[in-house]
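Each chain gets a letter, A, B and so on, in the order the sequences are listed, and its residues count up from 1. Everything quoted here is computed from the prediction, not taken from an experiment.
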4 protein chains.
Amino acid sequence: MQAFKLASRDFKSRDTIIEIPAADGPVFIGEGYCTIIAGPCAVESRESYLQIAEILKSMGVHILRGGLFKPRTSPYSFKGLGGEGLKIMIEAREQTGLPFITEIMDVRDIDYLYEQVDILQVGSRNMQNFSLLEELGKLDKPVMLKRGLSATIEEWLLAAEYILDGGNPNVILCERGIRTFEPYTRNTVDIGAIPMIKQLSHLPILVDPSHATGKWEMVIPVAKAAVAAGADGIMVEVHQDPEKALSDGKQSLTPQNFNKLYEQIIRLAEGEQKKVL
Amino acid sequence: MQAFKLASRDFKSRDTIIEIPAADGPVFIGEGYCTIIAGPCAVESRESYLQIAEILKSMGVHILRGGLFKPRTSPYSFKGLGGEGLKIMIEAREQTGLPFITEIMDVRDIDYLYEQVDILQVGSRNMQNFSLLEELGKLDKPVMLKRGLSATIEEWLLAAEYILDGGNPNVILCERGIRTFEPYTRNTVDIGAIPMIKQLSHLPILVDPSHATGKWEMVIPVAKAAVAAGADGIMVEVHQDPEKALSDGKQSLTPQNFNKLYEQIIRLAEGEQKKVL
Amino acid sequence: MQAFKLASRDFKSRDTIIEIPAADGPVFIGEGYCTIIAGPCAVESRESYLQIAEILKSMGVHILRGGLFKPRTSPYSFKGLGGEGLKIMIEAREQTGLPFITEIMDVRDIDYLYEQVDILQVGSRNMQNFSLLEELGKLDKPVMLKRGLSATIEEWLLAAEYILDGGNPNVILCERGIRTFEPYTRNTVDIGAIPMIKQLSHLPILVDPSHATGKWEMVIPVAKAAVAAGADGIMVEVHQDPEKALSDGKQSLTPQNFNKLYEQIIRLAEGEQKKVL
Amino acid sequence: MQAFKLASRDFKSRDTIIEIPAADGPVFIGEGYCTIIAGPCAVESRESYLQIAEILKSMGVHILRGGLFKPRTSPYSFKGLGGEGLKIMIEAREQTGLPFITEIMDVRDIDYLYEQVDILQVGSRNMQNFSLLEELGKLDKPVMLKRGLSATIEEWLLAAEYILDGGNPNVILCERGIRTFEPYTRNTVDIGAIPMIKQLSHLPILVDPSHATGKWEMVIPVAKAAVAAGADGIMVEVHQDPEKALSDGKQSLTPQNFNKLYEQIIRLAEGEQKKVL
């Protein structure tokens, strides 16, 4: 009855654990771990990115994030540094030893990004960009597939299936909120999707409470809820000066607030018997 | 700009803590506490209700629940025992010492229920039954106001405002899932509503993970998420034999599973520095 | 498989046509007719209501509308004239010969309204107020049942089933928009619900484009769409001076604009072979 | 306040009318016209496509449709004939003299399709595939931009803005239903979006009642509603033998039913003073 096969627990009952090589030893994403990904929404400048990378490293973050090509609803918004930003992320990796994730938006960027990036992210708006999914299926790099804004769980797993079916088993799911009628929050985190995915699939699932809520004050409680519900980690936005961020400042944590979140998440994850590297 | 006044933090910055008298000392609902309400969806028979009440008491539950008049989508479904059920709930209270909550659906039942019931519940479908809200505003009994199926947070707080404006300050909010396009779960718990309500209002907020998910397997993870996000407690359905329940069996926990939930919730609540009576 | 019985075409294949007695001969609502109901959102004063009633009569309206008890999201909004308003509506009926419809919100008002009102309306917020539906099932007066804000078609027909099952066959459905994520319009008219209801049920279906859109500029095109899709008529809000209306002014047509709508609807209805009285 | 500029009426008050060259004289899409696009969901074989093209030509259709690369939710569904299908569509254009529209899913197909196709379609799932939109902005071919499954009107116009901002003024909008909680229909046509778009923008807007409803019985009433609400035309699926269609058979009209639709639409459009070529 379920249309997905390779993504299902029936096909593979054991949890998929994804290993990301890193300078200080591999980082794992999957059941039993609590992996924390953090960084600014977009790479804005070399200086600021290297600085926040060092701060996050010192606080215990496992993977850095940062956008090179920002998918912006309006053509008139800041669209990212592109290739220039990639060089900065590579430098940050060299300095901190942390692997990094960035979003791919165009099939023509695959060759370019494949060699350098540790995890390729597919954004919500591209969850059903099947040409892109098919190309990512031909790689062996981990792919984080964000849930579409109004995608059902089945559609999401079928999008994962495109990548798996192409031959790439390294798929990480990321819940980032769905669209509802509620205007007070940007999106509604589907907290029930976490146990549902865990029941239906062997793939790891993270939660992005920053995009999901759109408000930094809600990031900590929603991140905690995600881990309590069984998520394998979280991805959050952190910026030295959120008010000056070129994109998504309202949802970014300051390093100080991120540190509070980190400590609470670690304590919660340990209570849940999850390994925190 | 906010249309609600008495419900807002601007009006009253201190958290409202509601005290429910009980044989073994009062039960509290509000910030700093983690209150657990449990029981079957409907009161089905004297024998079974007294039995489950004893079991739940022994496990540490604070308040019993049970439906007398079930609001059923179809006129052909089981609609509850009515007054006969009320006598059973009163007997259960006498036996266990636990206070109880039940739903009121009709303004004409107020006199009847007011004297006997410890907390009056307004269901989702009646969240904007303004005649009922106005009558409840004239009482001094605690009222639990469930969020409507597609009510915004503002509409929910405005419904609470009707009760507060009538003169009854004892309002408890209960998130029970909103309606979205996702077919795998019955409703989508709006986990972000918890921190949002805590920011906007001084009223207590509980979560009902049973109605919200419609699937017993999801009740434990979603209940944990609720407490991690800051909810002041949970209300769950428990039935000795869910497969034979006259309503909502699929979402009911067995006593064994409820006991697992209870232990995990208590541990989590203690980690969050909440008092568990 | 369908949970509704009496409301279904399988139970009764012939369309239900409802007859409303009126001074100049009966008004009909049902397949083959195009019935137009109009009036202000609320009865605001004797003078203004009698004036608009005369204007609407002269333009060809079949049934007058007007609210006595307004269900307002906030307890601080204008709530209607109540019994005073009813006397005004009765006077307007005497003057114009037109029957009228008004909303009932409280079971305790039934005796009061039953004798005087031609059609009793159940609003969206009360679509699943089962106590009210059961009482209306005991009457023989026509009941217009508005679709709940996020009610499925099946839930709507099951709510109608409550009235039919009680013994009252005179149920009129009214689509008034459902809640979606779109902020530009107040609600989203589910235009597909019209042919869907016509296929599933024998009951008449009208559309209320005023509440559905919340913007007077959209009322004419949406009303036309409703009739083209097969609706048996429309219910619209008209006010002499929308900017000064005590409720819902933004969605009210001026008499001039209503006249344009009327002419276009009549032409369209005639093209669709519907009888316009 | 509105984020879109080039797409807005404030920028250009006169309606954009798009001219598509064709063997028997140009076809127009825009205010004042009622343009009808029809064809099977996917090009399945040379014989069947040439046959249906002839039938549709004889019935008065203005533009042919047909999918070459089908965006399928599951990787295991029929995905179209690709380049082989393109040759068949070109042959159908030669035989019938009718221009055709087909969907582009991958930026790497632009060169390939640009030369041959009369209108390039961007599907719902790619509405925010910004790389693709940017490339289409560099062309001069008309682009039909379908609304995303849960895109707001503003997001839709901003996606159009990407194409306009790139230098291509030939954008046609197509409403194809949004995702709601209603399970009886596949999607909910946002009928109010038509007058809303006409007010906000100068761009033409069509409606696709086939994808929007997912049920062929609803296609005729919803198509009529679209034209009555002010749409500039419709795009519908027609198949000689819907039950054997390789995709979307349930929503396809037979040629006989399409002929009924065509006649009713023409009559309605004429009543609305629209030109039907």
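Per-residue heavy-atom pair counts under 4.5 Å with chain C were compared for D/E272, D/Q264, D/R179, and the maximum is reached by D/E272. Between chain C and the residues D/G230, D/A231, D/G271, D/A228, the most heavy-atom pairs under 4.5 angstrom are made by D/A228. Interface check for chain C: of the options D/P195, D/S150, D/A212, the most heavy-atom pairs under 4.5 Å are formed by D/S150. Ranked by non-hydrogen atom pairs under 4.5 Å with chain D, the options C/A226, C/P209, C/A151, C/A223 are led by C/A151. For the options C/D190, C/T213, C/V227, heavy-atom pairs under 4.5 Å to chain D are most numerous at C/D190. Chain D forms the most heavy-atom pairs under 4.5 Å with one residue out of C/T185, C/V189, C/T180, C/I153, and that residue is C/I153.
Salt-bridge formation is not detected for the pair C/D248/C/K70: no Lys NZ or Arg NE/NH1/NH2 atom is positioned less than 4.0 Å from an Asp or Glu carboxylate oxygen. Salt bridge annotation for D/K146-D/E103: absent, with no cationic side-chain nitrogen under 4.0 angstrom from a carboxylate oxygen. Using a cut-off of 4.0 Å between Lys/Arg side-chain N and Asp/Glu carboxylate O, D/K275 and D/D232 are scored as not salt-bridged.
The contact between D/K215 and chain C is made entirely by side chain atoms (from C-beta outward), counting heavy-atom distances below 4.5 Å. In this structure, the portion of D/I178 lying under 4.5 Å from any heavy atom of chain C is its side chain and not its backbone. If you measure heavy-atom distances from D/E155 to chain C, you find no contacts under 4.5 Å at all. With a 4.5 angstrom heavy-atom cutoff, C/T152 touches chain D via backbone and side-chain atoms both. Neither the backbone nor the side chain of D/I220 has a heavy atom closer than 4.5 Å to any heavy atom of chain C. Residue D/P183 touches chain C through its side chain alone, counting heavy-atom pairs closer than 4.5 Å.
D/Y162 and D/F130 have parallel rings, their planes meeting at less than 30° on a 0 to 90° scale where 60° marks the start of perpendicular.
With a 6.0 Å radius and a threshold of 12 heavy atoms from other residues, nucleotides or ligands, D/K250 has its NZ atom at or below the threshold.
For the pair D/R65/D/E237, a side-chain contact is recorded, criterion being any heavy-atom separation below 4.5 Å from C-beta on. Side-chain contact check for C/V61 versus C/F258: some heavy-atom pair is nearer than 4.5 Å. The shortest side-chain heavy-atom distance between D/P204 and D/I17 does not fall under the 4.5 Å cut-off.
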